[in-house]
**Q** 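There's a structure below that I have some questions on.
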Amino acid sequence: MDDYQKTFDSWNNLAEDYEARFMNFKLYDDTYDFFLTLLKNGRRKVLEIGCGPGNITRYLMKKRPDLILTATDVSPKMIDRAKLNVPNVHFQVKDCRDLGSLNEVYDAVICGFTLPYLSLPDRKKFLYDCSRLITKNGILYISFVDAKLEKSVLTQDDKGNSMRFYYYNHQEVCKALEHVSFAVKKNFTIPFKGKDGSFEVHSVVVCEKD
């Protein structure tokens with residue numbers, strides 16, 4: 001079994017735990033609010049990638065019930081939870097490495113902490129696919145943990161759930177975004193305390209398609 005499949009299986013196993021921890025999590029609300037301020041002049045068609053149990057989805061729809069929002073996740077159980085939490089959104093099980101199969105074009109794409117589960121080659125393809133899916137002057141929101149790629153490891157919890165987690169350097173990601181025709185509108189740097197008491201730097205980048 002490859003690392004991706006181990007990670008996908010773990011997300012299925014952890015769907016309810018993740019829901020309990022993050023459905024009402026407030027740490028990133030300011031970043032979502034900024035993302036929404038950029039959706040003006042009738043732009044409301046949004047794709048969310050890696051929606052999990054619908055925590056970001058629900059926040060966006062509460063703030064902007066007029067959004068036409070499609071949300072995807074690779075985990076069927078995450079999608080099941082999301083459908084219960086946000087019934088007025090179209091949800092779809094989809095691997096974010098397969099965005100090339102989508103033919104729609106969106107005013108904005110938002111993906112909260114999807115990059116940390118993509119290898120460097122797949123991350124490059126992912127950003128290219130996002131650029132293809134977004135209209136001119138459309139908005140992209142991404143978040144990740146700012147650290148050296150060399151720190152990336154296969155983690156395992158006490159229940160045997162394994163995940164390959166990738167760290168990415170903030171400046172390098174911004175350069176990669178520029179390479180696929182995005183201009184950074186705002187960066188957020190957010191300290192995050194893990195379960196073990198250690199701190200990480202979470203980066204949120206909101207950018208506009210040239």
Side-chain angles (χ1 to χ4, degrees), residues 22-74 78-79 82-83 85-116 118 123-144 170 173-190 202-210:
F22 290 110
M23 275 308 297
N24 297 298
F25 201 62
K26 303 296 184 183
L27 189 60
Y28 310 106
D29 286 0
D30 288 348
T31 70
Y32 308 144
D33 289 340
F34 180 75
F35 168 78
L36 289 173
T37 65
L38 299 179
L39 289 180
K40 301 175 181 178
N41 301 321
R43 293 193 294 181
R44 60 195 184 104
K45 188 177 180 182
V46 177
L47 173 66
E48 182 182 1
I49 302 168
C51 67
N55 46 312
I56 298 175
T57 326
R58 187 174 69 178
Y59 185 88
L60 297 179
M61 293 304 295
K62 281 186 175 180
K63 290 278 185 168
R64 283 282 303 274
D66 64 310
L67 292 179
I68 302 170
L69 202 159
T70 298
T72 69
D73 199 279
V74 71
M78 286 288 194
I79 290 293
K83 287 179 178 178
N85 288 316
V86 201
N88 56 332
V89 166
H90 173 66
F91 291 99
Q92 181 181 356
V93 176
K94 177 167 282 294
D95 188 333
C96 68
R97 297 174 298 170
D98 186 35
L99 295 180
S101 65
L102 295 176
N103 296 316
E104 297 283 335
V105 178
Y106 298 87
D107 297 313
V109 171
I110 183 167
C111 42
F113 293 97
T114 297
L115 258 61
L118 291 172
R123 190 209 74 186
K124 291 178 178 178
K125 179 180 180 299
F126 176 81
L127 294 181
Y128 170 80
D129 286 338
C130 286
S131 180
R132 183 184 62 82
L133 290 168
I134 296 176
T135 60
K136 181 177 174 57
N137 302 126
I139 306 302
L140 174 65
Y141 172 115
I142 59 171
S143 50
F144 54 96
H170 174 83
V173 170
C174 288
K175 288 181 180 178
L177 287 164
E178 291 175 6
H179 185 70
V180 290
S181 303
F182 285 106
V184 174
K185 299 290 288 185
K186 190 167 184 176
N187 293 305
F188 295 85
T189 300
I190 303 171
H202 287 190
S203 285
V204 175
V205 182
V206 185
C207 46
E208 184 177 76
K209 174 79 174 292
D210 291 339

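For clarity, every value in this text was computed on a predicted model and none was experimentally measured.
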**Q** Treating Thr72 as the side-chain partner and Lys94 as the backbone partner, does any N or O pair qualify as donor plus acceptor under 3.5 Å?
**A**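 Side chain of Thr72 to backbone of Lys94: no pair is present.
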
**Q** What is the distance from atom NE2 of His179 to atom OH of Tyr128, rounded to the nearest 0.5 Å?
**A**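 One gets 10.5 Å once the value is rounded to the nearest 0.5 Å.
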
**Q** Please check this pair: side chain of Asn85 against backbone of Pro53, looking for a donor-acceptor N/O pair closer than 3.5 Å.
**A**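 Yes: the side chain of Asn85 pairs with the backbone of Pro53.
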
**Q** Is it true that, when you exclude Asp66 itself, more than 12 heavy atoms of the residues, nucleotides or ligands shown sit nearer than 6.0 Å to its CG?
**A**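 Enclosed: over 12 neighbouring heavy atoms sit under 6.0 Å from CG of Asp66.
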
**Q** What pairs with His170 under ring pair (Phe, Tyr, Trp, His ring centres under 6.0 Å), at least two apart in sequence or on another chain?
**A**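 In terms of ring pair (Phe, Tyr, Trp, His ring centres under 6.0 Å), with neighbours along the sequence ignored, His170 is linked to no residue.
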
**Q** Within a strict 4.5 Å, meaning less than it, do heavy atoms of the Ile49 and Phe126 side chains meet?
**A**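 Yes, side chains in contact.
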
**Q** Has Lys125 got a side-chain atom pairing as donor or acceptor with Arg97's backbone, closer than 3.5 angstrom?
**A**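 The answer is yes, because a donor-acceptor pair under 3.5 Å joins these two groups.
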
**Q** Answer yes or no: does atom NZ of Lys45 have more than 12 heavy-atom neighbours from other residues, nucleotides or ligands under 6.0 Å?
**A**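 Count over threshold, so yes.
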
**Q** The test is side chain to side chain contact (heavy atoms under 4.5 Å, CB included); show your working for Leu118 and Cys96 and say whether it passes.
**A** CA-CA 9 Å; Leu118 291 172; Cys96 68; 3.7 Å; yes

**Q** Rounded to the nearest 0.5 Å, what separation is found between the CZ atom of Phe91 and the OG1 atom of Thr70?
**A**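 Rounded to the nearest 0.5 Å, the CZ-OG1 separation comes out at 9.5 Å.
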
**Q** Of the non-hydrogen atoms in Leu140 and Cys111, which two are nearest, and what is the gap between them?
**A**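 Answer, listing the atom of Leu140 first, then Cys111: CD1-SG, 4.5 Å.
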
**Q** Which heavy-atom pair separates Leu177 from Ile142 by the least distance, and what is that distance?
**A**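 For Leu177 and Ile142, the tightest heavy-atom pair comes out as CD1-CD1, 3.8 Å.
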
**Q** Once you round to the nearest 0.5 Å, how far does CD1 of Ile110 lie from CD1 of Ile56?
**A**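 Here the rounded value is 5.0 Å.
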
**Q** Out of curiosity, Gln92 CD to Cys51 SG, how far, rounded to the nearest 0.5 Å?
**A**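 Gln92 atom CD to Cys51 atom SG measures 10.5 Å (nearest 0.5 Å).
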
**Q** CD1 of Ile134 to CD of Glu208: how many Å apart, nearest 0.5 Å?
**A**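 Ile134 atom CD1 to Glu208 atom CD measures 10.5 Å (nearest 0.5 Å).
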
**Q** In Å, rounded to the nearest 0.5 Å, how long is the span from NE2 of His90 to NZ of Lys83?
**A**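 The distance works out to 8.5 Å.
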
**Q** Do side-chain atoms of Arg132 reach the backbone of Leu99 as a donor and acceptor pair under 3.5 angstrom?
**A**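 Yes; at least one donor-acceptor contact below 3.5 Å.
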
**Q** Applying ring pair (Phe, Tyr, Trp, His ring centres under 6.0 Å) between Tyr28 and each of Phe35, Tyr59, Phe113, Phe34, report the one that passes.
**A**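 Of the listed options, the one satisfying the test is Phe113.
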
**Q** Donor-acceptor pair, distance only, cut-off 3.5 Å: does the side chain of Arg43 make one with the backbone of Ile139?
**A**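 Answer holds: no.
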
**Q** Is any side-chain heavy atom of Leu36 closer than 4.5 Å to a side-chain heavy atom of Leu67?
**A**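 A side-chain contact under 4.5 Å exists here.
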
**Q** Apply side chain to side chain contact (heavy atoms under 4.5 Å, CB included) to the pair Leu69 and Val86, showing each step before the final yes or no.
**A** CA-CA 11 Å; Leu69 202 159; Val86 201; over 6 Å; no

**Q** Quick one: does any side-chain atom of Asp107 pair with a main-chain N or O of Arg44 as donor and acceptor, under 3.5 Å?
**A**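 Yes: the side chain of Asp107 pairs with the backbone of Arg44.
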
**Q** Does any part of the side chain of Arg58, heavy atoms only, come nearer than 4.5 Å to the side chain of Asn24, both counted from C-beta?
**A**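 Yes, close enough: below the 4.5 Å cut-off.
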
**Q** On a heavy-atom basis, which atom in Gly52 and which in Asp73 lie closest, and how many Å separate them?
**A**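 Nearest heavy atoms, Gly52 then Asp73: N-OD2, 2.8 Å.
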
**Q** Where is the tightest heavy-atom contact between Val205 and Cys174, given as atom of each residue plus distance?
**A**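 Taking Val205 first and Cys174 second, the nearest heavy atoms are CG2-SG, 4.3 Å.
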
**Q** With heavy-atom distances below 4.5 Å as the criterion, would you say the side chains of Leu102 and Leu47 are in contact?
**A**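 Leu102 vs Leu47: side chains touch.
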
**Q** Taking the side chain as every heavy atom from C-beta outward, state whether Thr31 and Ile190 have any atom pair closer than 4.5 Å.
**A**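 Of all side-chain heavy-atom pairs linking Ile190 with Thr31, at least one is under 4.5 Å.
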
**Q** With under 30° as parallel and over 60° as perpendicular, where do the rings of Tyr141 and Tyr32 fit, or are they tilted in between?
**A**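 Taking Tyr32 first and then Tyr141, their aromatic rings sit tilted (interplane angle of 30° to 60°).
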
**Q** For the pair Phe25 and Phe22, name the ring-plane relationship: parallel under 30°, tilted 30 to 60°, perpendicular over 60°.
**A**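 Because their plane-to-plane angle is over 60°, the rings of Phe25 and Phe22 count as perpendicular.
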
**Q** Measure from the side-chain N and O atoms of Ser181 to the backbone N and O of Lys209, and report whether any donor-acceptor pair falls under 3.5 Å.
**A**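 Absent.
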
**Q** How about Val184 and Phe182: do any of their side-chain heavy atoms sit closer than 4.5 Å?
**A**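 Val184 does not reach Phe182 side chain to side chain.
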
